[in-house]
There are 2 protein chains.
Amino acid sequence: MATIYQVSELAGVSLATVSRVINNTVPVREATRIKVEAAMKELGYRPNSVAQSLASNRSNSIGIVVSELGGPFYGELLSRIENEFRAAGKHVIIAAGHSNADLERDSIEFLRGRNCDALILHVEAVDDKYLTELAATGLPFVLINRMVETIEDRCITLDNDRGGYLATEYMLKLGHRDIAYISGPLWKHDAQERYNGHQSALTKFGLSENKALFYEGDFQETGGVNGFNHLRDHGYSFTALVCANDEMASGAITAAHEAGLRIPEEIAVIGFDNINFSHYTYPKLTTIDYPVAEIGQMAARWVLKRVYQRPIDDLKAVFMPKLIVRDST
Amino acid sequence: MATIYQVSELAGVSLATVSRVINNTVPVREATRIKVEAAMKELGYRPNSVAQSLASNRSNSIGIVVSELGGPFYGELLSRIENEFRAAGKHVIIAAGHSNADLERDSIEFLRGRNCDALILHVEAVDDKYLTELAATGLPFVLINRMVETIEDRCITLDNDRGGYLATEYMLKLGHRDIAYISGPLWKHDAQERYNGHQSALTKFGLSENKALFYEGDFQETGGVNGFNHLRDHGYSFTALVCANDEMASGAITAAHEAGLRIPEEIAVIGFDNINFSHYTYPKLTTIDYPVAEIGQMAARWVLKRVYQRPIDDLKAVFMPKLIVRDST
DNA sequence: GCTATAAATGAAAGCGCTTTCATAATAGGC
DNA sequence: GCCTATTATGAAAGCGCTTTCATTTATAGC
């Protein structure tokens with residue numbers, strides 16, 4: 001690869017001048033600019049962004065940490081973030097945290113070491129203290145789907161509590177009274193909040209929770225299958241099932257089919273997230289919409305505004321979930 | 001962030017020595033190593049990988065270009081590749097090419113500029129010539145799901161032709177004779193190959209293709225819906241439908257449901273890829289398995305072997321698709 | 001104890017770029 | 001046409017690290 005030095009030689013100017021035309025920071029005489037551009041073209045020159053990054057302490061790249069690379073949820077999130085930054089001429093570097101504190105820290109450190117200008121984090125395992133300290137280092141970052149009081153201005157969240165409430169409230173309004181709940185792992189903030197919402201709805205309707213109708217799943221499809229079977233075996237009957245995400249709802253539906261139950265006639269099922277396959281299920285899944293794309297976009301804009309001083313004004317921190325009624329209830 | 005210089009000062013040794021203990025390239029006396037490690041720990045030192053990369057011309061990171069970040073297919077691919085490299089202490093930098101030649105080139109150049117040690121490419125739009133030239137620059141890269149003769153040793157592919165054949169052959173064996181086909185965009189290599197396979201199967205059974213039963217879709221769910229409706233409207237009836245991927249098959253199934261047709265009794269449907277949601281459909285989708293995870297793993301291993309000299313011997317270049325029979329046929 | 005050899009360490013250049021500061025070129029004012 | 005105010009350009013330091021080469025220190029052999 002050609003270097004800036006070769007370009008400067010060919011164009012008969014100094015390195016500094018070439019650098020100026022690349023970044024157009026300082027005006028350069030038209031004639032000079034043309035010479036330089038010609039030289040760059042002739043050599044097929046492309047700036048080495050590693051060197052740029054080292055010299056300028058700016059990398060034009062944004063680090064992203066998500067739990068998993070796969071899956072409909074993260075896929076959509078990443079996709080949207082990437083689009084937003086691409087349009088702004090920035091690039092993303094993605095790392096997976098696998099919901100594990102060490103790996104999350106690792107990924108964050110890796111991205112810091114790569115000189116990312118900012119980070120977008122969807123981390124679940126590291127504690128609030130770590131994040132607070134990280135903020136204190138001066139590294140700009142946004143936190144998605146998690147509220148940490150000490151760095152509240154960096155958090156972009158969904159009102160999960162409200163979402164959990166909506167799901168159960170809807171079942172209650174439909175007349176169901178025996179409502180089972182399959183939760184996500186309760187150490188995860190969002191799982192806990194959704195579950196709280198579920199409980200609030202029950203309370204609001206003057207019902208008390210029946211612990212026998214609760215199951216703590218893993219946010220995966222198998223969790224839904226296991227949860228459903230566990231709840232059925234347990235003896236208490238229920239006419240409605242609220243799942244803390246769509247994957248588990250899908251698993252539960254499969255298990256229900258296998259048990260020969262009709263949905264929604266015998267059991268109504270609702271999910272959470274509204275991920276893109278939720279209408280592939282049969283019957284199509286009623287769910288709570290998680291506006292992933294919007295949240296991804298907002299996170300990107302936060303960075304564009306705070307770090308790159310782009311004029312953006314409608315930053316929004318808390319998103320509201322919406323009920324999406326389809327055929328499973 | 002602390003620099004290597006501060007570490008060397010605190011430990012009372014030279015930069016060079018610190019560098020040696022970091023990389024343990026050259027033996028360092030035990031006592032010295034301990035001093036240095038203590039200093040690193042005290043300062044919370046982490047090497048700046050940008051500087052490392054510039055100085056060593058090695059970045060320990062691998063660039064990946066895929067068409068999209070979202071979607072079950074790429075999600076699984078990325079996920080697997082990332083896992084493989086993480087285990088080897090390498091990191092990945094991901095960019096999206098969006099099936100567009102300019103963006104693909106852009107992404108590749110970006111990754112080159114970031115000093116990636118190697119690239120894994122799933123690109124569809126750039127031409128063979130570009131890739132051949134790219135190989136000539138000495139940049140190590142593997143090509144996934146595409147065969148370019150001039151750089152055959154860098155290609156890891158699925159025998160799409162065979163897959164297309166298997167799908168249609170299976171329908172023929174079931175006794176179907178009026179078989180519709182919804183293809184992917186034919187400018188894409190894999191779509192073309194799958195279609196070729198379909199034709200071969202027909203020929204093998206002594207049938208000639210009925211052009212009225214062909215529709216060129218977009219590999220998306222809507223393509224399946226539109227394709228199905230188009231084929232139905234067209235007047236020719238068919239008892240089996242072969243789709244060039246699962247998304248379109250899923251769309252077609254939805255459209256068939258809406259048209260009040262029973263699957264598989266009235267129309268048998270088969271997909272291609274065996275992506276993870278293919279068993280969420282109703283009825284569960286019969287499909288051709290695309291071993292994405294294995295292919296991702298193989299690509300990663302190719303890099304580990306060729307670029308990082310890891311001892312790996314079972315590199316495999318062509319994968320075979322398999323028929324997965326479920327309930328839609 | 002003294003030299004010959006091997007092992008550990010340090011000094012310094014350099015990776016490709018940005019950026020400050022100084023200098024050279026140009027324009028403007030009279 | 002000369003002096004000053006601008007503007008464009010160049011020289012050189014430095015970003016944080018690796019790596020070569022030279023030097024120092026330890027080890028062995030006699």
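Each chain gets a letter, A, B and so on, in the order the sequences are listed, and its residues count up from 1. Keep in mind that the numbers below use all heavy atoms, side chains included, and drop hydrogens, waters and symmetry copies.
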Q) So, T132(B) and T150(B): side-chain donor and acceptor under 3.5 Å apart, yes or no? A) yes

Q) Is it the case that K316(B) places NZ or CZ above or below the six-membered ring of F319(B), under 6.0 angstrom from the centre and within 45 degrees of the axis? A) yes

Q. For H189(B) and E124(B), does a side-chain donor sit closer than 3.5 Å to a side-chain acceptor?
A. no

Q) Can you pull the contact range of chain B along DNA chain C, 5' to 3', using atoms under 4.0 angstrom from its heavy atoms? A) dA8(C) to dG16(C)

Q: May I ask you to check whether S53(B) and N115(B) show a side-chain donor-acceptor distance below 3.5 Å?
A: yes

Q) Parallel under 30°, tilted from 30 to 60°, perpendicular over 60°: which one fits the rings of Y74(B) and H122(B)? A) perpendicular

Q: Taking E104(B) for its side chain and A125(B) for its backbone only, find out whether a donor-acceptor pair lies under 3.5 Å.
A: yes

Q. Which ones in residues 14-23 of chain A lie close to DNA chain C, meaning a heavy atom under 4.0 Å from one of its atoms?
A. A16(A), S19(A), R20(A), N23(A)

Q) Cut-off 3.5 Å, side chains only: do R114(B) and S61(A) have a donor facing an acceptor? A) yes

Q: Inspect the contact between R105(A) and E109(A) and indicate whether a charged nitrogen and a carboxylate oxygen are less than 4.0 angstrom apart.
A: no

Q.
Under 3.5 Å, is there a donor on one side chain and an acceptor on the other for D106(B) and N100(B)?
A. no

Q: Check side chain to side chain contact (heavy atoms under 4.5 Å, CB included) between P185(B) and all other residues, then give those that pass, not counting sequence neighbours.
A: W187(B), K188(B), E216(B), F219(B)

Q | End axis versus end axis in the helix from dG1(C)-dC30(D) to dC30(C)-dG1(D), the angle rounded to 10°, five pairs used at each terminus | A | 30°

Q) Between Y45(B) and K41(B), is there a cation-pi geometry (under 6.0 Å to ring centre, at most 45° from the normal)? A) no

Q: Pull out every residue in residues 40-60 of chain B that has a heavy atom closer than 4.0 Å to any atom of DNA chain C, ordered by number, or say none.
A: L54(B), A55(B)

Q. Between residues 26-34 of chain B and DNA chain C, which residues have a heavy-atom gap below 4.0 Å?
A. V26(B), P27(B), V28(B), R29(B), T32(B)

Q.
Using a 3.5 Å distance criterion without hydrogens, assess whether the side chain of N23(A) forms a donor-acceptor pair with backbone atoms of T25(A).
A. no

Q: Would you mind checking if E76(B) and R80(B) are paired as a salt bridge, meaning a charged N to carboxylate O distance below 4.0 Å?
A: no

Q. With the threshold set at 4.0 Å, does a side-chain nitrogen-carboxylate oxygen contact exist between R146(A) and D190(A)?
A. no

Q. Does the gap between the ring centers of F73(A) and Y290(A) come in under 6.0 Å?
A. yes

